[in-house]
Amino acid sequence: MIEKLHTGAEQLGLDLLPEQYEKLETYIDCVLEFNKTYNLMKADSKDELAVNHVLDSLAAVSTLKDIINSYAAAPERLSQLKVGDIGSGGGCPGIPLAVAFPEVNFTLVERMEKRCIFLESAVKKMGLSNVTVLCTQADKVPASSFDIEVFRAFHPFDKKIVKTLFAMLKQGGTVAAYKARSEKIEAEMQAVSFLIPSYKKIALTVPFLEDHERNLVVIKKL
């Protein structure tokens with residue numbers, strides 16, 4: 001058992017089942033194994049990976065739950081919802097979120113083939129039936145593919161990225177971007193204010209990383 005993973009999830013108010021913890025621990029093992037050959041994600045231990053990547057991804061679950069429920073008020077509609085993890089890399093935040101929301105379909109969009117091979121292998125070992133890996137560039141994804149898009153360490157907001165994100169997103173859809181310092185967010189959003197006139201910045205607290213500023217930037221495609 002990875003103690004910090006369990007303690008951190010409880011601090012976040014997540015009521016995860018034993019099989020969900022098992023999937024997350026399998027994921028952590030997969031990343032560390034792949035890291036021996038490729039520097040997939042910056043982490044040298046299970047605890048570091050659990051805190052810096054998995055708990056960081058899960059810190060937005062309560063906010064994302066509200067967003068998901070706003071699109072799928074009826075439980076039977078959850079399976080129709082499409083969430084895209086853009087520039088998924090090593091699978092964060094998409095894979096931890098897919099474990100937290102097993103009834104929602106996630107697509108991991110990643111352009112690098114070796115990362116896609118890892119993602120497909122990890123998803124298979126974890127037994128995640130609600131996850132698909134799409135090995136392509138973000139600007140090649142079919143239009144209006146997703147109701148919600150998430151990303152973490154993908155790319156700063158600029159004109160090209162915003163247009164790419166909005167092209168993949170359905171009308172009325174939501175982008176939820178994991179970001180760090182407020183002043184950097186404000187500078188990014190000021191530069192694209194002609195495309196995104198308004199947004200919400202929601203402070204996140206990551207267990208064991210309380211001294212690191214983390215925020216979720218939420219944008220609606222009107």
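- Residue pairs meeting the side-chain hydrogen bond (donor to acceptor under 3.5 Å, both in side chains) criterion with at least one partner in residues 55-67, sequence neighbours excluded, are D56-R152, D56-R214.
- Among all heavy-atom pairs drawn from C92 and Y27, the shortest one is SG-OH, 3.4 Å.
- Across every non-hydrogen atom of A43 and L32, the tightest pair is O-CD2, 4.0 Å.
- Transitive grouping of hydrophobic side chains (ILVMFWY, heavy atoms separated by less than 4.5 Å) brings L49 and L209 into a common cluster.
- Under the salt bridge (Lys or Arg N to Asp or Glu O under 4.0 Å) criterion, R181 pairs with E183, sequence neighbours left out.
- In this structure, the side chains of I196 and M189 come closer than 4.5 Å at one or more pairs of heavy atoms.
- Residues F146 and V141 have side chains in contact (heavy-atom distance under 4.5 Å, counting atoms from C-beta outward).
- Residues P156 and I161 have side chains not in contact (no heavy-atom distance under 4.5 Å, counting atoms from C-beta outward).
- The side-chain heavy atoms of V99 and M126, taken from C-beta on, include a pair separated by under 4.5 Å.
- Counting only residues at least two apart or in different chains, ring pair (Phe, Tyr, Trp, His ring centres under 6.0 Å) contacts with residues 172-222 are absent.
- For Y71 (side chain) and I148 (main-chain N/O), no donor-acceptor pair under 3.5 Å exists by modelled atom type.
- Proximity of a side-chain donor or acceptor of S70 to a complementary backbone N or O of I67 within less than 3.5 Å is detected.
- Listed here is the closest heavy atom pair of K221 and L169: NZ-O, 2.7 Å.
- Results of the side chain to side chain contact (heavy atoms under 4.5 Å, CB included) test with L12 over T7, V206, L58 single out L58 as the only residue that passes.
- Counting only distance, with no hydrogens or angles, the side chain of Q171 and the backbone of L222 share a donor-acceptor pair below 3.5 Å.
- Taking CD of E33 as the reference point, atom CG of L40 lies at 12.0 Å (rounded to 0.5 Å).
- Geometrically, K179 engages F157 in a cation-pi contact defined by less than 6.0 Å to the ring centre and at most 45° from the axis.
- Using a 4.5 Å cut-off on side-chain heavy atoms (C-beta onward), I117 and Y38 make no contact.
- The nearest pair of heavy atoms linking V150 to P93 is CG2-CG, 3.8 Å.
- No side-chain heavy atom of L97 sits less than 4.5 Å from a side-chain heavy atom of D85.
- Applying the side-chain hydrogen bond (donor to acceptor under 3.5 Å, both in side chains) test to residues at least two apart or on different chains, none of the pairs has a partner in residues 10-22.
- With N130 contributing its side chain and E103 its backbone, the two residues share no donor-acceptor pair below 3.5 Å.
- Scanning both residues, N105 and S79, for their nearest heavy atoms gives ND2-O, 2.6 Å.
- Cluster annotation: M112 is not connected to V31 through the hydrophobic network of ILVMFWY side chains, with a link wherever side-chain heavy atoms come within less than 4.5 Å.
- A donor-acceptor pair is defined here as one N or O able to donate and one able to accept, closer than 3.5 Å; such a pair exists between the side chain of E25 and the backbone of I2.
- Taking hydrophobic clusters as Ile, Leu, Val, Met, Phe, Trp and Tyr residues chained together by side-chain heavy-atom distances below 4.5 Å, F101 shares a cluster with V133.
- Between the CD1 atom of I86 and the OG1 atom of T164 there is a distance of 10.0 Å, given to the nearest 0.5 Å.
- Here CG of N215 is found 12.5 Å from NZ of K184. Values are rounded to the nearest 0.5 Å.
- Within the model, atoms CG of L108 and OG1 of T132 stand 8.0 Å from one another, a figure rounded to the nearest 0.5 Å.
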### Message
Applying side chain to side chain contact (heavy atoms under 4.5 Å, CB included) to L5 and L55, what does each step give before you reach the verdict?
### Response
CA-CA 7 Å; L5 175 63; L55 291 177; 4.3 Å; yes
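- Counting only heavy atoms from C-beta outward, the side chains of V175 and V162 never approach each other to under 4.5 Å.
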### Message
Before you tell me yes or no, could you show the steps for F166 and I219 under side chain to side chain contact (heavy atoms under 4.5 Å, CB included), namely the whole-Å CA-CA distance, both residues' side-chain angles and the distance that decides it to 0.1 Å?
### Response
CA-CA 10 Å; F166 277 6; I219 302 159; 3.9 Å; yes
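- Taking the side-chain hydrogen bond (donor to acceptor under 3.5 Å, both in side chains) definition, one finds that S182 meets it with K201, E213, sequence neighbours left out.
- The stretch residues 39-50 participates, sequence neighbours left out, in these salt bridge (charged side-chain N to carboxylate O under 4.0 Å, His left out) pairs: D29-K46.
- The heavy-atom pair separating K125 from C30 by the smallest distance is CD-SG, 3.7 Å.
- Around the NZ atom of K220, the shell of radius 6.0 Å holds more than 12 heavy atoms that belong to other residues, nucleotides or ligands.
- Once rounded to the nearest 0.5 Å, the distance linking OG1 of T37 with CZ of F118 reads 11.5 Å.
- Separation of atoms CG (L119) and CG (L134) is listed at 11.0 Å; rounding is to 0.5 Å.
- Atom CD of E210 sits in a crowded spot, with more than 12 heavy atoms from other residues, nucleotides or ligands closer than 6.0 Å.
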